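Computed from heavy atoms alone, side chains included, the values below leave out hydrogens, waters and symmetry copies. We name chains A, B, ... by the order of the sequence lines, and we start the count at 1 in each one. Since the structure is predicted, the reported quantities are computational estimates derived from the model, not experimental observations.
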Amino acid sequence: MIKFICKRVLQMIPILFAVSVLIFCMVRITPSDPIASMTKGRKTSAETRQSLEEKYHLDKSLPEQYLIWITNAMRGDLGDSFEYKQSVNSLIAGRLPTTAQLVLMSAVLALVIAIPTGVISAVRMNRLTDRILSVLTLIFVASPVFLTAIALMLVFALRLKMFPSFGSGKTFAENLRYLFLPSVALSLNMVALISRITRSNMIEQLNSNYAATALAKGIPYYKVVMKHCFKNAVIPVITVASIQIGTMLVGAVLVENVFALGGLGDILIGGVKSSDYPVVQGITLMLVTVFLLINLLVDIVYALIDPRIRLK
Amino acid sequence: MAKFSEIFWHKPLFPGIHKKKQEGRFFTVPMVLSMLFLGLIILCCILAPAISPYSPTEQNLQDSLALPSMKHLLGADKVGRDLLTRLFYGGRTTLLSAIGVVAFSVAAGVPLGLVSGYYGGLADAVIGRVCDVVLAFPSLLLAFVLVAGFGRGMFSAVVALGIVYVPMLARLVRSLTLVEKNKTYVEAAGSIGYSDARIMFIHILPNCVSTITVQITLDLAYAILDLASLSFLGLGVQPPTADWGAMLDEGRNFLLQNPLLALAPGIAIIVTVVALNICSDGLHQYFEPVQRKLPSFKQAEKQAERRKRKEGVA
């Protein structure tokens, strides 16, 4: 087991390295002038320009710049933003809680809604309930996250005035209210996907021989469903769901945009638009690392459960 | 690592949503309906200049935020542009750029997959590692970074998403090639002395086309969604060009005045994506006989009886 974990961790290092090179190169090939975005387009004297370039190491060659960036990043320092005049670390620290809370809330919400839905539609396969749920999942998968967000905002915030339509709260409890609609919007997409996977897994398990045996022995149907089939069906669902968190991190960017939550997404998109290199590099690197770590964790947990993967 | 995402992408989105009487047939009811819708949407987009009396960019401030009426069937936006007209023209941009994304990923992904599956060894390892790096990103995040590099705009959004979609397709083609290359016809072609390129593209590829088609249809749906996201964030199509994603972005500021401004392009996206998903699912079931269920015993009995009766009549 330890060998497996070591192998997977070591595999991650070259990938992270390649990812960081890719991020760095992509952000730097922009034809735009970072100094102009720093000074908001005002004319600058040659000296200011030079001192700014020195401060951000823009006068050095690209490989040198990369080395400075990556060594600092490994020490946990992502550099200073051009636009906000503060370190990327503090920018992230200020905004990460909102994004993390949003993603976690929607993940929990998605699992709580999706798994029962999937089980119900598997048990009622091809009946009316299943048909209705299938059509709903069909629509929610096809609806882009921001559209769901806008629709929810229109109905629950603007028409019914049940929830605030944008911004974030001061206290934790207040924040929950502000984050409710955004997290529902973010989770609906995932609900559709997860309930579909739960459904097909459950159907497979319900048709298996052991389920038939259990039924033949006289165990009540609901017990066979909940105790025998559900346990077997739910493991792959959890793994797929945790992988989906990566997609949700990006989905959060869109939802934050609609509800003006002021999370990571805002500064990331702002950075892309105004070529604020350190911000884009820092946030992207962080998100990719989180994504890879989640993948790693899922693989390890899966290997703990299923010895076949460990030995492959 | 990409194991789960792979499973995720290559499975049809909605298996078994319409399995009842028409198993094994291509033209099931949902299939026909979705093809009709797709046809209608494509027709509207092609005929946009002919069927709409307005221009998509012509401003008419008198009609600013007009509600639906006979003059503007779905109303007009802030600067008085007819919404329905913009919906048609927006469909052109959206569908064309989605096709562009898929064309790019096919042009790059299919040869890469064939080469890495057919030759194996070093080529396979290199292509595999590159794919790993691309797959290490959540898909839209890589698109953000690429757009940051290429600059904003429709073209760079299309190229960025095209790159993001390549590894999925390459892996699919690779796995198909791995199965095909061990078959006798490949050995036969090789022993006749055909070149590797000929074997790959003329012999192996046609045998993979069915699966690739299914994946392409699905990718088209994903591309529409992802492009809309990019345009919505202002990274893709730039105003005043009409595009469903960009229209949603413009329309969301006027939710109280005329919600249709945001909802109409949204509904257009949903309808198109649902139709594409159903098509992909239908194609999948048609192409893969394992997915096609045999008729139940009762149905088989009935069919046999019918056949007997016919023969009896003749």
Practice task
Mark yes when over 12 heavy atoms from residues, nucleotides or ligands other than B/Gln238 sit less than 6.0 Å from its CD; otherwise mark no.
Solution key: yes

Handout entry: Top contributor to chain A interface from B/Val130, B/Ile267, B/Leu140, B/Leu255 [non-hydrogen pairs under 4.5 Å]
Key = B/Leu255

Practice task
Taking the side chain as every heavy atom from C-beta outward, state whether A/Ile150 and B/Phe232 have any atom pair closer than 4.5 Å.
Solution key: yes

Problem - Working for side chain to side chain contact (heavy atoms under 4.5 Å, CB included), residues B/Leu141 and A/Val253 - result: CA-CA 10 Å; B/Leu141 188 65; A/Val253 172; over 6 Å; no

Handout entry: CZ-CG distance between A/Phe146 and B/Leu233, expressed to the nearest 0.5 angstrom
Key = 8.0 Å

Handout entry: Contact class of B/Ile224 relative to chain A, heavy atoms under 4.5 angstrom
Key = neither

Got a list of side-chain donor-acceptor pairs under 3.5 Å for residues 14-22 of chain A, not counting sequence neighbours?
from: A/Ser20; atom 1: OG; to: A/Phe17; atom 2: O; distance (Å): 2.7
from: A/Ser20; atom 1: OG; to: A/Tyr66; atom 2: OH; distance (Å): 2.6

Practice task
Would you mind checking which part of A/Ile203 comes under 4.5 Å of any heavy atom in chain B, side chain (CB onward), backbone (N, CA, C, O), both or neither?
Solution key: neither

Exercise for the section: Report the C-alpha separation of A/Leu138 and B/Ile278 in whole Å, then their side-chain angles, then the decisive distance to 0.1 Å, and conclude whether the side chain to side chain contact (heavy atoms under 4.5 Å, CB included) test is met. Expected result: CA-CA 9 Å; A/Leu138 196 58; B/Ile278 292 176; 4.0 Å; yes

Problem - chain B contact via A/Leu249 - side chain, backbone, both or neither, heavy atoms under 4.5 Å - result: neither

Practice task
Working to the nearest 0.5 Å, report the span between CE of A/Met26 and CZ of B/Phe144.
Solution key: 14.5 Å

Handout entry: Inter-residue atom distance B/Arg252.CZ - A/Leu147.CG, 0.5 Å rounding
Key = 12.0 Å

Problem - Among the listed options A/Val145, A/Val288, A/Thr247, the residue most often paired with chain B at heavy-atom distances under 4.5 Å - result: A/Val288

Completion exercise
A/Gly246 and B/Pro138 have their tightest heavy-atom pair at O-CB, 3.6 Å

Practice task
Provide the closest heavy-atom pair for B/Val274 versus A/Ala142 in the form atom of the first, atom of the second, distance.
Solution key: CG2-CB, 3.4 Å

Fill in the blank from the handout: Okay, A/Val258 and chain B: the region with an atom under 4.5 Å from a heavy atom over there is both

Exercise for the section: With the side chain counted from C-beta on, respond yes when A/Leu154 and B/Leu263 share a heavy-atom pair under 4.5 Å apart, and no when they do not. Expected result: yes

Fill in the blank from the handout: Of B/Pro259, B/Ser229, B/Gly266, the largest count of non-hydrogen pairs under 4.5 angstrom with chain A goes to B/Ser229

Handout entry: Sub-4.5 Å side-chain heavy-atom contact between A/Pro144 and B/Ile269
Key = yes

Exercise for the section: For B/Phe137 and A/Ile23, run side chain to side chain contact (heavy atoms under 4.5 Å, CB included): C-alpha distance rounded to whole Å, both residues' side-chain angles, the deciding distance at 0.1 Å, then the answer. Expected result: CA-CA 10 Å; B/Phe137 288 84; A/Ile23 293 173; 3.7 Å; yes

Exercise for the section: Please report the shortest heavy-atom distance between B/Arg152 and A/Lys273, naming the atom on each side. Expected result: NH2-O, 3.7 Å

Fill in the blank from the handout: Residue from A/Leu268, A/Leu287, A/Asn257 scoring the most non-hydrogen pairs under 4.5 Å with chain B is A/Asn257

Problem - Top contributor to chain A interface from B/Val147, B/Leu235, B/Asp249 [non-hydrogen pairs under 4.5 Å] - result: B/Leu235

Problem - Partners meeting side chain to side chain donor-acceptor pair (under 3.5 Å) with A/Ser143 (sequence neighbours left out) - result: A/Thr148

